[in-house]
Each structure stands twice: as C-alpha cells, then as structure tokens.
Asks: 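One structure, pasted below without further comment.
Order of the sequence lines fixes the chain letters, A, B, ..., with proteins taken first and strands second; residue numbering starts at 1 for each chain. Not measured: the values here are computed from a predicted model.
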Amino acid sequence: MPRFATWNVNSLKVRQERVEQWLTDIQPDIVCFQETKLADAAFPQLAFESLGFSSAHHGEGRWNGVAILARNGLADVSVGFADGVEPDSEARVMTARCDGITIVSVYVPNGRVVGSDHYEYKLSWLDRLGSHLDAVTAPGDAVIVAGDFNVAPADVDVYDPAAFEGETHVTKPERERLGALLDRGLTDVFRQQYPGAERVFSWWDYRRGDFHEGRGMRIDLVLGSQPIADRVEWCIIDRNARKGKMPSDHAPVIVDLAD
DNA sequence: ATGGTAGAGCATCTA
C-alpha cells in the first residue's frame, strides 16, 4: 500500500535531521516538500538516497524551493510551469512521475496583503497551475497535486474566520481559484475522508503560542484525481511533527493509497 | 500594547 506525504519543512537545511527521523518513522513511498530554501547544489540528494529515496529538487536559494522523493524512482521530472509561457520567477512547482502517478509538488505564493502585487501574483499563479495540469496530465490519469496552497478551502479550515477578515488565505478570489482546480476533477483528499471534521489544521503561526492554543489553518492539501481519490484508504495530518524542538510551522499530510 | 517567532543572512525581507 503506497504511502504518500507532503510537508512544508520551512528550510530543509535547518530541518534535515528532523526530516530524516520523520522519514524513518513514517516510511512514506512518495514525498513532496515545500520551502526547502535551498539552491539545487545544496540539496542533500545523497542523504535521501541513503534512506532509500530517489529525489529531485527545484530551488533558488534563499526562499521557496520544492522537492519530490520516491522509493521506486522518478521519471519525467520537470521544474516550473509547463504551460509554454514565460518561466515563473520563483521556484514553486515541480512535476514527476512515480508508481504510475503524476506528482505535482506546489508551494503557492502567500499573497501577503489583499490587493497587493503579490496577491495578484498568487491569483494568477493558481490560474497557471490549472494550465500546467492541462499540459502535464490527460483525463483519466492518476494525479496528485500536493503542497502548501496558502488557501484555507472553507471557514471550517480556519480557527476563527472573523480573525481573518480582510486577510489573505480566506478571500473569495483565492477560494474561487482553488475551487476551479477542484472543478477540474481533483478531490481534497482530507475533506473527502472527514467531511464533517472542523478545526483540523496543518499550519500554525510560530507566534503567541498558536499551536498549543489551537489557532491554525488547514492550508496544506493533497488533491487527487478520481483514480487517486478512489484509492484513498487513510489520511491524517501529522501534528506530532509540529511538536518538540525546532519544528516547521507546518505539519505533514499523509495519505495511504490502496494498491 | 496593532504585539508575537522563525529562517536567511547581516539589513531587512518573507512568512
């Protein structure tokens, strides 16, 4: 039973030891990372190889950076958008094929301030992700699009919707663009498994003790095409990985798929 | 009290 996981590690350099322990504990078969904050030359491919993973990385150094790891090898690795337009200025998406699944690791722009240039970049980036999927997938393909979407799909995915009035991650334009991705035939796997679950989060601000006070958002998502959604046996957000010394501010999402 | 922390890198920018 293949195990898929995605995790915004918020600097792989700082998190390497914790990440390796987590890989050993969780034993995933396919992994997407976001916010490695590494240049490609600094990506620790050999360390992952010694743990049994093939890997590929798309980074720029100080910020962003995505990676894909797979136990059974990676094929057709591509970085950035494949929609044939100008390259994205930031390292936020990469695609590979493993175990017959097209895997897309995404780090959606944060958006910063509603109405800012970066917010507009976020909206157009989400649109481009749809075009990218047109370019790299075909109807009926097994596809997983996973990572930090920086959008909470609904109010139940936010600890206090009122606290985010006028803020990014919850605005209608952002949710509409996420919805447009779902309308392409992708399923939010966690929500499919737990339709009524409220206040289950994947990210907590480092400040104010937000993690321990339960003030978070569910913004790390695993979207699966129908062939994937039909195979989901189990899904959790691994809150344990947010505990202890020097955690990422994000928890991983783990999904087990039937063979 | 418009706060707070973390990471990259050394002044701020990003989240």
Side-chain angles (χ1 to χ4, degrees), chain A residues 6-22 32-44 47 57-67 80 88-94 105-126 128-129 146-153 157-171 173-175 177-178 201-221 237-253:
Chain A
T6 182
W7 193 7
N8 178 324
V9 294
N10 187 19
S11 171
L12 190 52
K13 185 179 176 184
V14 162
R15 222 69 67 199
Q16 184 70 23
E17 194 178 332
R18 179 184 274 262
V19 164
E20 290 187 18
Q21 185 62 56
W22 175 82
C32 293
F33 288 136
Q34 300 84 36
E35 276 205 273
T36 61
K37 295 184 176 176
L38 293 176
D40 288 333
F43 182 73
H57 180 254
H58 174 41
E60 61 188 76
R62 297 176 71 181
W63 295 306
N64 311 311
V66 289
D88 191 6
S89 57
E90 302 184 355
R92 297 183 173 277
V93 58
M94 65 181 299
S105 182
V106 301
Y107 177 44
V108 177
N110 172 284
R112 297 177 197 165
V113 175
V114 174
S116 66
D117 286 351
H118 194 75
Y119 178 77
E120 296 302 323
Y121 170 58
K122 178 180 194 174
L123 298 182
S124 61
W125 200 96
L126 285 163
R128 264 192 101 173
L129 180 56
D148 178 359
F149 281 76
N150 272 317
V151 180
D157 300 307
V158 179
Y159 80 91
D160 178 8
F164 289 94
E165 278 292 331
E167 306 273 323
T168 58
H169 295 59
V170 300
T171 67
E174 290 164 272
R175 284 178 170 168
R177 276 155 181 87
L178 178 61
F201 308 131
S202 68
W203 171 86
W204 302 260
D205 197 305
Y206 282 120
R207 296 170 285 192
R208 304 174 307 183
D210 276 9
F211 177 68
H212 295 286
E213 299 294 333
R215 293 188 291 261
M217 287 196 217
R218 190 174 69 90
I219 57 176
D220 298 87
L221 309 176
I237 298 177
D238 181 13
R239 293 179 78 263
N240 284 328
R242 180 62 173 77
K243 298 176 181 173
K245 279 185 68 174
M246 290 180 69
S248 167
D249 46 352
H250 294 254
V253 185

Asks: Got a sec, which pairs hit salt bridge (charged side-chain N to carboxylate O under 4.0 Å, His left out) with one end in residues 205-214 of chain A, sequence neighbours left out?
Replies: A/Asp205-A/Arg207, A/Arg208-A/Asp210, A/Asp210-A/Arg215
Asks: Considering residues at least two apart in sequence or located in another chain, which fulfil the side chain to side chain contact (heavy atoms under 4.5 Å, CB included) criterion with A/Ala91?
Replies: A/His58, A/Glu60
Asks: Taking side-chain hydrogen bond (donor to acceptor under 3.5 Å, both in side chains) as the definition, give me every residue that meets it alongside A/Trp204, ordered by chain and number, with sequence neighbours left out.
Replies: none
Asks: Contact class for A/Phe211 vs. all strands (heavy atom < 4.0 Å): base, sugar-phosphate, or nothing?
Replies: nothing
Asks: Not counting sequence neighbours, which residues clear side-chain hydrogen bond (donor to acceptor under 3.5 Å, both in side chains) with A/Asp88? List them please.
Replies: A/Tyr121, A/Trp125
Asks: With a 4.0 Å cut-off on heavy atoms, is A/Arg15 in touch with a base, just the backbone sugar-phosphate, or nothing at all?
Replies: sugar-phosphate
Asks: Please measure how far the P atom in B/dG9 lies from the corresponding atom in B/dT14, and state the result in whole Å.
Replies: 14 Å
Asks: Within the structure shown, what part of the strands sits under 4.0 Å from A/Arg242 by heavy-atom distance: base, sugar-phosphate, or nothing?
Replies: nothing
Asks: For chain A and DNA chain B, what are the first and last nucleotides along the strand, 5' to 3', with at least one atom under 4.0 angstrom from a heavy atom of the protein chain?
Replies: B/dG4 to B/dA15
Asks: When all nucleic acid strands are considered with a 4.0 Å heavy-atom cut-off, which category describes A/His118: base, sugar-phosphate, or nothing?
Replies: sugar-phosphate
Asks: On DNA chain B, does the nearest nucleotide to A/Asp205 precede the nearest nucleotide to A/Pro109 from the 5' side, or the other way round? Give the residue.
Replies: A/Asp205
Asks: Determine the interatomic distance between C1' on B/dA1 and the same-named atom on B/dA11; round to the nearest Å.
Replies: 26 Å
Asks: Cut-off 3.5 Å, side chains only: do A/Asn8 and A/Trp203 have a donor facing an acceptor?
Replies: no
Asks: Among residues two or more places apart or on two chains, list those pairs meeting salt bridge (charged side-chain N to carboxylate O under 4.0 Å, His left out) that have a residue in residues 106-125 of chain A.
Replies: A/Lys122-A/Glu174
Asks: Here's a test of your reading of the structure: between A/Glu90 and A/Pro247, which maps to the more 5' nucleotide of DNA chain B?
Replies: A/Pro247
